[in-house]
Amino acid sequence: MKTKFVLIALCSWITLAQAQPTYISVGDAKTKKAVVALLNAQDSTIQKTIEDDLKFVDLFKLLPAAGFPQATLSDPAQIKYPEWVKTGADYMGFSSFKLEKGEAIFEFHLANIGGNKEVLAKRYSSKPGETKVMAHLVANDIVQAITGKQGIFLTKIAFACDKTGKKEIFTMNFDGSDVRQITKLKSISMSPAWSADGSKLAFSVYNKHSDNVKNLDLLEYNFRTSGLKILSNRKGINSGATYSPKGDRLALTMSYTGNPELHLLDLESRETTPLTH
């Protein structure tokens, strides 16, 4: 009887222990933000774009200009590191801007305050109307210099949208700006996928074939030529495409063999290789 009692008590304790859930708190940990001071860029569009980009990724804290010990700089040798340390800045950036021979010239310097050294010095140029793109490049380089990782500020997003009454393919910047309509097919377009170099976009669209039956075809838009071409219009599904890293093949779902299966499509020969059965 004693043995039975011990066994029952042990089983009861195990059941009780299993019934108590274990909670792991997620979201409490906070990454220390790099404190960055940016002197006035002499161009409001460039200044605002860089600041907005750095705020967007939530990895940086930008210091207000009111507490800067130096208002202007033209040479890294002029940086008063001990005074900048007092502001709490980890990094300090300064720049120069001018229009020269029809080009916008922007020179940017970034210094590591604690390390007493310059970590980024670069000269940028663009057409006067494209300074915002240039500012995204600067912000990307700032992220690279501080974190060792590439910035996202020239990223484009492709998506399907029915704002015209039909589903068309659109693109926009990473922050939702500069929305552009890519297709005007007046049908149902879906599942856009970028090529590795960003020059092409594969997507699926419902087309009417010669037998007057709608088919889900795979098309490609070329940003360099603004041209459209059919990649696959085999009977049935031609959808969900993804480019290979070299851009010479596509993985996609096709159903011309009877069932929807994964296939590899060679973009030169247009031959397919089934991956699933």
ask   = Looking at side-chain heavy atoms only, is the closest gap between V143 and L54 below 4.5 Å?
value = yes
inquiry  = Is the shortest side-chain heavy-atom distance between L252 and L264 below 4.5 Å?
reply    = no
query = Any Lys/Arg nitrogen of E103 or K101 sitting under 4.0 Å from an Asp/Glu carboxylate oxygen of the other?
reply = no
message = Rounded to the nearest 0.5 Å, what separates atom CD in E220 from atom OG in S195?
response = 7.0 Å
ask   = So which heavy atom on S204 is nearest to which on L216, and how close?
value = CB-CD1, 3.9 Å
ask   = Is the gap between the ring centers of F60 and Y91 under 6.0 Å?
value = no
ask   = Would you call the rings of F223 and W194 parallel, tilted or perpendicular if under 30° counts as parallel and over 60° as perpendicular?
value = parallel
request  = For the pair K33 and D90, evaluate salt bridge (charged side-chain N to carboxylate O under 4.0 Å, His left out) and give the outcome as yes or no after the intermediate values.
outcome  = CA-CA 10 Å; K33 296 182 180 181; D90 298 312; over 6 Å; no
inquiry  = Do N207 and K214 pair up side chain to side chain, a donor and an acceptor below 3.5 Å, judged on atom types alone?
reply    = no
key: Distance-minimising heavy-atom pair for A241 and A193   = O-CB, 3.1 Å
key: CZ on F106 to OG1 on T131, rounded to 0.5 Å   = 10.0 Å
key: Taking every non-hydrogen atom, the tightest pair across L201 and Y243   = C-OH, 3.9 Å
query = Can you tell me if S96 and E107 form a side-chain donor-acceptor pair at under 3.5 Å?
reply = no
key: Rounded distance (nearest 0.5 Å) linking atom CG of N238 with atom OG of S255   = 7.0 Å
query = Angle class for the H263/Y256 ring planes (parallel below 30°, perpendicular above 60°, tilted otherwise)?
reply = tilted
ask   = Just checking, is any N or O donor in the side chain of Y124 or D141 under 3.5 Å from an acceptor N or O on the other one?
value = yes
Partner set under side-chain contact (heavy atoms from CB on, under 4.5 Å) for A121, not counting sequence neighbours = H109, E118
message = Looking at every non-hydrogen atom in both residues, tell me the closest pair between A160 and S189 and how far apart they are.
response = CB-O, 3.6 Å
inquiry  = On a heavy-atom basis, which atom in S269 and which in D266 lie closest, and how many Å separate them?
reply    = N-OD1, 2.9 Å
key: Stepwise side chain to side chain contact (heavy atoms under 4.5 Å, CB included) check, E168 with L185   = CA-CA 7 Å; E168 304 286 358; L185 300 174; 4.0 Å; yes
request  = Would you check if the distance from the ring center of F203 to the ring center of Y221 is below 6.0 Å?
outcome  = no
ask   = Hey, are D53 and K55 close enough for a salt bridge, meaning a charged N less than 4.0 Å from a carboxylate O?
value = no
task = Scan side-chain atoms only and decide if D217 and H209 contain a donor-acceptor pair under the 3.5 Å cut-off.
result = yes
query = Are R249 and L265 close enough that some pair of their side-chain heavy atoms sits under 4.5 Å apart?
reply = no
message = Would you call the rings of W84 and F68 parallel, tilted or perpendicular, taking 30° and 60° as the class edges?
response = tilted
remark   = Closest non-hydrogen atoms of P245 and A196, given as atom of the first, atom of the second and distance, are O-CB, 3.4 Å
key: By side chain to side chain donor-acceptor pair (under 3.5 Å) - contacts of T155 (at least two apart)   = none
query = Any side-chain heavy atom of L231 within less than 4.5 Å of one from L219?
reply = no
query = Can you find a side-chain donor-acceptor pair between N222 and S226 that sits under 3.5 Å?
reply = no
